[in-house]
Amino acid sequence: MTQKIRKAVLPVAGLGTRFLPATKAVPKEMLTIVDRPIIQYVVEEARAAGIEHIVFVTGRNKHVIADHFDRAYELEDTLKSRNKTEALQLLEKLRPAAGSTSFTRQQDPLGLGHAIWCARDIIGPEPFAILLPDVIIKSETSCLKQMVDVYSENGGNVIAVEEVPEDQTHQYGIVELSDKLSDRASKIAGMVEKPAPGTAPSNLMITGRYILQPEIFSLLSRQEKGAGGEIQLTDSMLALMETQSFTSLKFEGRSYDCGSKAGFLSANIAYALEQPDLAAELVPFLHDMINKREAAE
Ligand code: G1P
């Protein structure tokens, strides 16, 4: 029997410089995909996987994330007095239960490994999940839920992976696989953070979803710097591989890197086209735009 994955860490301290000036006063995690902020999609993915408690590792200027997951008293009171039942129910449904979120601050931008380490006391001695909110994953079954199923069968640590073009491997953590465990799951033989171009062991990137054992924290506490001079999660995972198993999952679904403008806009289009009323207006519009563009070329 494996221990249940109850808690998830969402590191949200990043500055979002790629989206300036939009992210000058608004955290990048609060940018909108159709009608809800990016972070909401990631929280929903976690909840659909049975996560009971979410730890946000935040930074300065991120308090609106805490506000977003709180009750908005004046707004809800006004909606009530105007009989806006549907909107009220939506807010109610999306709000996490009282006491099921924690917020801690990463005081210095020392890297992803350091951000996760900041959550060590709140996580305690149990396996937990990490979801990087730059990435949203559109799938039939929550990506983290797919990982929890693999974890229940194999125990140890689980990482979501997907293929990237060879010329992009230097931008990500890359894994090397060994034995195949099932159609989508394999044992991991090695991993490297942001390999120099031409040196990657494969084209399988770490997608930003992890299930890790708590022993990762003592390795992170060494605070050793890796790629880019940052404390990297991948380096501590590699160290943990010496004593524990790591399984990769080629998840079913599609990821959108909302840390890039093209990924963010693609996610907006993909989620909008899923809503029949929006699709009815958008499809002719998109056809028209593409035709005009092609005619001009
Ligand atoms: C982080 C991880 C990297 C992973 C990537 C996914 O990198 O360190 O292993 O592939 O997220 O988005 P970052 O994007 O923070 O540079």
Side-chain angles (χ1 to χ4, degrees), residues 8-19 23 27-29 31 38-39 41-42 45 56-59 62 106 108-119 129-138 143-144 147 157-177 188-197 199-212 216 219-220 223-241 246-251 253-264 266-267:
V9 180
L10 273 60
V12 291
L15 293 177
T17 47
R18 281 191 280 177
F19 277 89
T23 47
K28 62 175 173 172
E29 298 80 10
L31 298 180
I38 293 173
I39 190 83
Y41 290 86
V42 182
E45 180 191 332
F56 295 90
V57 180
T58 72
K62 298 279 182 163
Q106 183 188 22
D108 300 294
L110 299 177
L112 176 61
H114 178 258
I116 302 305
W117 179 74
C118 291
I130 299 171
L131 298 94
L132 305 190
D134 268 356
V135 181
I136 58 179
I137 298 176
K138 197 163 176 301
C143 175
L144 187 63
M147 294 170 67
N157 304 268
V158 182
I159 302 178
V161 300
E162 68 186 308
E163 288 176 8
V164 281
E166 305 277 348
D167 63 352
Q168 289 176 24
T169 51
H170 65 284
Q171 299 171 19
Y172 300 102
I174 301 292
V175 299
E176 186 184 354
L177 304 187
I188 297 180
M191 59 182 87
V192 51
E193 182 67 20
K194 308 207 170 70
T199 67
S202 79
N203 66 343
L204 284 174
M205 71 168 269
I206 299 173
T207 303
R209 300 292 185 271
Y210 313 76
I211 289 175
L212 296 178
I216 194 76
L219 297 164
L220 287 169
Q223 312 239 348
E224 284 164 10
K225 290 188 178 147
E230 296 190 347
I231 300 168
Q232 296 289 356
L233 180 60
T234 305
D235 295 342
S236 288
M237 293 196 297
L238 187 62
L240 189 55
M241 268 185 60
F246 273 74
T247 305
S248 66
L249 174 68
K250 288 184 186 164
F251 57 94
R254 181 176 168 165
S255 73
Y256 293 90
D257 179 2
C258 294
S260 85
K261 286 176 198 166
F264 171 75
S266 303

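Counting starts at 1 for both ligands and their atoms, in listed order.
For atom 13 (P) of ligand 1, the closest heavy atom belonging to the protein is Lys194 NZ, 3.7 Å. With respect to atom 8 (O) of ligand 1, the closest heavy atom belonging to the protein is Glu193 OE2, 2.8 Å. Residue, atom and distance of the protein heavy atom nearest to atom 12 (O) of ligand 1 are Val135 CG2, 3.9 Å. From the protein, the heavy atom lying nearest to atom 10 (O) of ligand 1 is Ile206 O, 2.6 Å.
With values rounded to the nearest 0.5 angstrom, Glu163 atom CD is found 5.5 Å from Leu204 atom CG. Rounding to the nearest 0.5 Å places OG1 of Thr234 at 5.5 Å from OH of Tyr210. Expressed to the nearest 0.5 Å, how far CE of Met205 lies from CD1 of Ile159 amounts to 11.5 Å.
Every atom of ligand 1 is numbered from 1 in the order shown, and the set under 4.0 Å from a heavy atom of Thr234 is 9 (O). Below 4.0 Å from some heavy atom of Leu112 lie the following atoms of ligand 1, by number and element: 2 (C), 8 (O). For ligand 1, the atoms sitting less than 4.0 Å from at least one non-hydrogen atom of Tyr172 are 10 (O), numbered in the order shown with element in parentheses.
Checked against Leu112 for a side-chain contact (heavy atoms from CB on, under 4.5 Å), the options Ile231, Leu132, Val57 give a single hit: Leu132.
Between Gly173 and ligand 1, an N or O atom pair is found at a separation short of 3.5 Å.
Heavy-atom separations between Leu233 and ligand 1 are all 4.0 Å or longer.
A 6.0 Å sphere centred on CG of Leu15 holds no more than 12 heavy atoms belonging to other residues, nucleotides or ligands. At most 12 heavy atoms of other shown residues, nucleotides or ligands fall within 6.0 angstrom of atom NZ in Lys250.
The side chain of Leu132, and not its backbone, has at least one atom closer than 4.0 Å to an atom of ligand 1 (non-hydrogen atoms only; side chain from C-beta on).
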**OP:** Start with the C-alpha distance between Ile206 and Ile174, add both sets of side-chain angles, then the distance that settles side-chain contact (heavy atoms from CB on, under 4.5 Å), and finish with yes or no.
**Re:** CA-CA 6 Å; Ile206 299 173; Ile174 301 292; over 6 Å; no
